[in-house]
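Just so we're on the same page: letters track the sequence lines, and every chain starts at 1.
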Amino acid sequence: MKYAVYCALILLGFLGVSTLGGINEYVFFAGFVILQFVILATAWNILGGYAGYVNFGVPAFIAVGAYTAVVLFKSMSAPLLVQILGGGILAGALGLGVGLLTLKLRGIFFSIATVAVVFILETVVNNWRYVGGATGLQLTRPQDLWFFDSYARMLFFVMAVLAVLSVTIARYIQDSFLGRGLRAVRDSEEAAECSGVPTLKIKLIACTISGALMGIAGAPMPMYLSYIEPTSTFNLSYSISALGMPIIGGTSHWIGPVIGALLLATLQQIVTVTVSNELNVLVVGVLLVLFVVIAPDGILGLIKKWKQSSK
Amino acid sequence: MFSVDLIFEAVLFGILLGCFYAAVSLGLSVAFGLLDVPYVAHPALLILGSYFTFVLSQTGIDPIVCGVLLMPVFFLIGIGFYRFYYETFEKRSSDTGVRGLAFFFGMSFIIEVCLILVFGVDQRTVVASYIGSSLEIGEYRFPYRMLVAFGIALALTVALTLYFSKTFNGRAIKAVGQDEGALRLMGANPVKIKQLAFGIATAVNALAGAMLIIVGPVEPAMDRIYIGRTFCVVVLAGLGSMSGTLVAGLVLGIAESIVMMTFGASWAPAVSFGLLLLMLGVRPQGLFGR
């Protein structure tokens, strides 16, 4: 109950900020990206953190979301919410498909297969004229702004709602049958299977949900940029961020990816603006390696240790 | 479009390309195939090898010689990598899967970005007498650079196959891949042997990297596509088989070359990843696995 109140307060806060005048538009552009990473990190953690299956193919799911939105928009000028829903459904289906193909195998094969999906889909999109092929496609945003002053503000609020929704789903999964089963899979798949956990089934469910949430995070992108192009959409840098944030934040609890994403994505925005785009990938990479080696339980683990020692 | 002549030419080119793919995958075949370490940083080290070759060759040394000169350096890098991996992950043996993968994935991005920061995103090439000209037999033309790569690839594969089957250390590496516990009971130290294997795997990468920049221009982000090619070859070969690696490389090379000739170059990247996905779905133990 307390959680629901917090969520409502947070959303009200976001609504307030996005309708308030006098704030630089850039804040909403940057905020959109940060919230997007909150969703991506949370979604990655459902499979990667709870079950220990590492998804390297995050951009594939983002791109399925984004390109579904483009097709829906171009063919029937579907409204934003329909685009998001469609993107989520198709990305979820992709998750299920990849899962069916490789989740029976060891973790590394799943990871490699997800990289494969990125490149195969990128090649397909590169050769697909309707969505602009390799050169990309310019999109004209509709004038429908609900009651917001600008499109960036509206998308920022939509992303906030989606982020809260994703975190709520992840939080629910953590304490449900699914979450307990996934943790059992992570600790020992054989033992879990022997104790009657339907391991393949719950892995497939987790993979589908995780994929769908990534698709949802990607679906508003074409409208956000009013442009879509394969090279940046299928960029593997998304993977390093989406897996780095939960691992740095702490994978054992739903709040870990949120902390990791908020800190790192904000840092990335600052680095991108002040230094360069390459350097922000380097920042995540270096932090990821440092955390994995020195503090394997992430920021959450550090807090726990600090609390214990101060008692 | 599907004339016999064209297909024949595609197959010929595919064979050259395939041997090259086998050579760049040999290191991964040892590290991942035999030792079961999720060495996702392998392609990034390959590109690193190419760039080191590029820098060395600026002094006028032949790129192949550069590759050979770099091998001891890469041997040490490989030993360092494994030592570190062992101390931080294998020894603690807690949840190695996720952290090991994340570690190597992170490392490959660090290598890539450092290359971008130092050299920029431009493509780099090397100069040698055999780059640019071709051998003409009848109506077919074979670029010398492909023939050179073909020769090195064959030599490397034969050398490694012999090493693993004839020498004491080579057999020990194979043994540690099969049953680490048994090796420990025999009084051998599996960590030392794995370290040696990792050194060899990475040293091979130096020469493979030199070949890569001989065959064509290299850019920092190229490691991403080679994740597909190298893992495809290793999975296709059945984990850890050296001669299997050569055959798998040929399969990939020929498939890619035929697709390139029939559907166009823009479809080429999908071949290795598609083949990889197909193998994982249908026959994950590889063509020659049991």
Side-chain angles (χ1 to χ4, degrees), chain A residues 48-49 51-54 56 98 100-102 104-124 126-127 133-134 186-187 234-237 239-240 243-244 246-247 251 276-294 296-297, chain B residues 32 36-40 84-85 87-89 92 94-117 120-121 220-221 223-225 227-228 230-232 234-235 263-264 266-282 284:
Chain A
Y53 275 80
V54 179
F56 282 156
V98 179
L100 276 174
L101 201 63
T102 54
K104 273 173 279 179
L105 307 170
R106 287 183 304 138
I108 169 111
F109 289 118
F110 171 74
S111 308
I112 298 302
T114 52
V115 182
V117 173
V118 176
F119 280 87
I120 293 170
L121 289 181
E122 185 178 357
T123 310
V124 171
N126 270 333
N127 289 285
R186 184 189 58 195
D187 294 339
F234 285 97
N235 196 333
L236 274 188
S237 306
S239 300
I240 194 88
L243 81 92
I247 289 178
T251 54
S276 78
N277 210 5
E278 275 84 39
L279 208 66
N280 87 47
V281 182
L282 188 65
V283 167
V284 179
V286 170
L287 279 177
L288 170 65
V289 168
L290 279 181
F291 264 91
V292 157
V293 171
I294 299 167
D297 294 319
Chain B
F32 175 56
D36 212 21
V37 175
Y39 204 24
V40 194
F84 193 76
Y85 176 76
E87 294 290 344
T88 40
F89 302 106
R92 293 189 209 158
S94 62
D95 198 15
T96 31
V98 174
R99 287 184 196 129
L101 271 173
F103 170 70
F104 283 120
F105 199 57
M107 284 311 291
S108 66
F109 269 86
I110 293 176
I111 293 173
E112 186 187 312
V113 177
C114 286
L115 284 177
I116 292 179
L117 290 178
V121 287
D223 60 330
R224 301 180 180 188
I225 178 106
I227 296 178
T230 53
F231 273 91
C232 173
V234 173
V235 169
F263 296 100
S266 64
W267 285 99
V271 177
S272 57
F273 286 101
L275 212 54
L276 173 62
L277 217 51
L278 188 76
M279 280 310 280
L280 289 178
V282 181

Problem - B:V271, part contacting chain A, at a heavy-atom distance under 4.5 Å - result: neither

Handout entry: Beyond-backbone contact of B:F105 with A:V54, side-chain heavy atoms, under 4.5 angstrom
Key = no

Exercise for the section: Calculate, to the nearest 0.5 Å, the distance between atoms CG and CZ belonging to B:L276 and A:F109 respectively. Expected result: 9.0 Å

Practice task
Could you tell me which portion of A:V98 (side chain, backbone, both or neither) has an atom closer than 4.5 angstrom to a non-hydrogen atom of chain B?
Solution key: neither

Handout entry: Between A:I240, A:I108, A:V281, the one whose heavy-atom pairs under 4.5 Å with chain B are most numerous
Key = A:I240

Problem - side chain to side chain contact (heavy atoms under 4.5 Å, CB included) evaluation trace for B:V98 with A:I247 - result: CA-CA 9 Å; B:V98 174; A:I247 289 178; 4.2 Å; yes

Problem - Portion of A:L105 that has a non-hydrogen atom of chain B nearer than 4.5 angstrom - result: side chain

Practice task
Give, for atom CD1 of B:I110 and atom CG of A:L287, the distance between the pair rounded to the nearest 0.5 Å.
Solution key: 9.0 Å

Problem - Nearest-0.5 Å distance that lies between atom OG1 in B:T230 and atom CD1 in A:I112 - result: 8.0 Å

Handout entry: Nearest heavy atoms of B:A270 and A:I120, plus distance in Å
Key = O-CG1, 4.2 Å

Problem - Contact leader toward chain B among A:G48, A:P296, A:A113, where contacts are heavy-atom pairs under 4.5 Å - result: A:P296

Exercise for the section: Indicate yes or no: at least one non-hydrogen side-chain atom of B:Y85 is less than 4.5 angstrom from one of A:V293. Expected result: no

Exercise for the section: For B:R99 and A:D297, work out which heavy atoms get closest and say how close. Expected result: NH2-OD1, 3.5 Å

Problem - Pairs of heavy atoms under 4.5 Å with chain B: top-ranked of A:V117, A:V115, A:N126 - result: A:V115

Handout entry: Option that, when pairs with chain B are counted at under 4.5 Å, heavy atom only, ranks first among A:L121, A:V118, A:V286, A:I294
Key = A:V286

Exercise for the section: Determine the option with the most heavy-atom pairs under 4.5 angstrom with chain A, choosing from B:F104, B:F32, B:F109. Expected result: B:F109

Practice task
Please lay out, stage by stage, how B:L101 and A:S111 fare under the test side chain to side chain contact (heavy atoms under 4.5 Å, CB included).
Solution key: CA-CA 9 Å; B:L101 271 173; A:S111 308; 3.4 Å; yes

Problem - Structural part of B:F103 lying under 4.5 Å from a heavy atom of chain A - result: both

Problem - Option in B:E87, B:E112, B:R224, B:M107 with maximal non-hydrogen atom pairs under 4.5 Å from chain A - result: B:R224

Practice task
Would you mind telling me which of B:A102, B:A221, B:C114 has the largest number of heavy-atom pairs within less than 4.5 Å of chain A?
Solution key: B:A102

Exercise for the section: Could you tell me which portion of B:V282 (side chain, backbone, both or neither) has an atom closer than 4.5 angstrom to a non-hydrogen atom of chain A? Expected result: neither

Problem - Greatest number of heavy atom pairs closer than 4.5 Å to chain B - which of A:L236, A:T102, A:L243 - result: A:L236

Handout entry: Portion of A:T251 that has a non-hydrogen atom of chain B nearer than 4.5 angstrom
Key = neither

Handout entry: Closest heavy-atom pair and its distance - A:T123, B:S266
Key = CG2-O, 3.2 Å

Practice task
Compare every heavy atom of B:G106 with every heavy atom of A:L288, then report the nearest pair and how far apart it is.
Solution key: CD2-CA, 4.1 Å

Handout entry: A:L282 and B:L117, any side-chain heavy atoms less than 4.5 Å apart
Key = yes

Exercise for the section: Please tell me if the side chains of B:L280 and A:L101 come closer than 4.5 Å, counting only heavy atoms from C-beta onward. Expected result: no

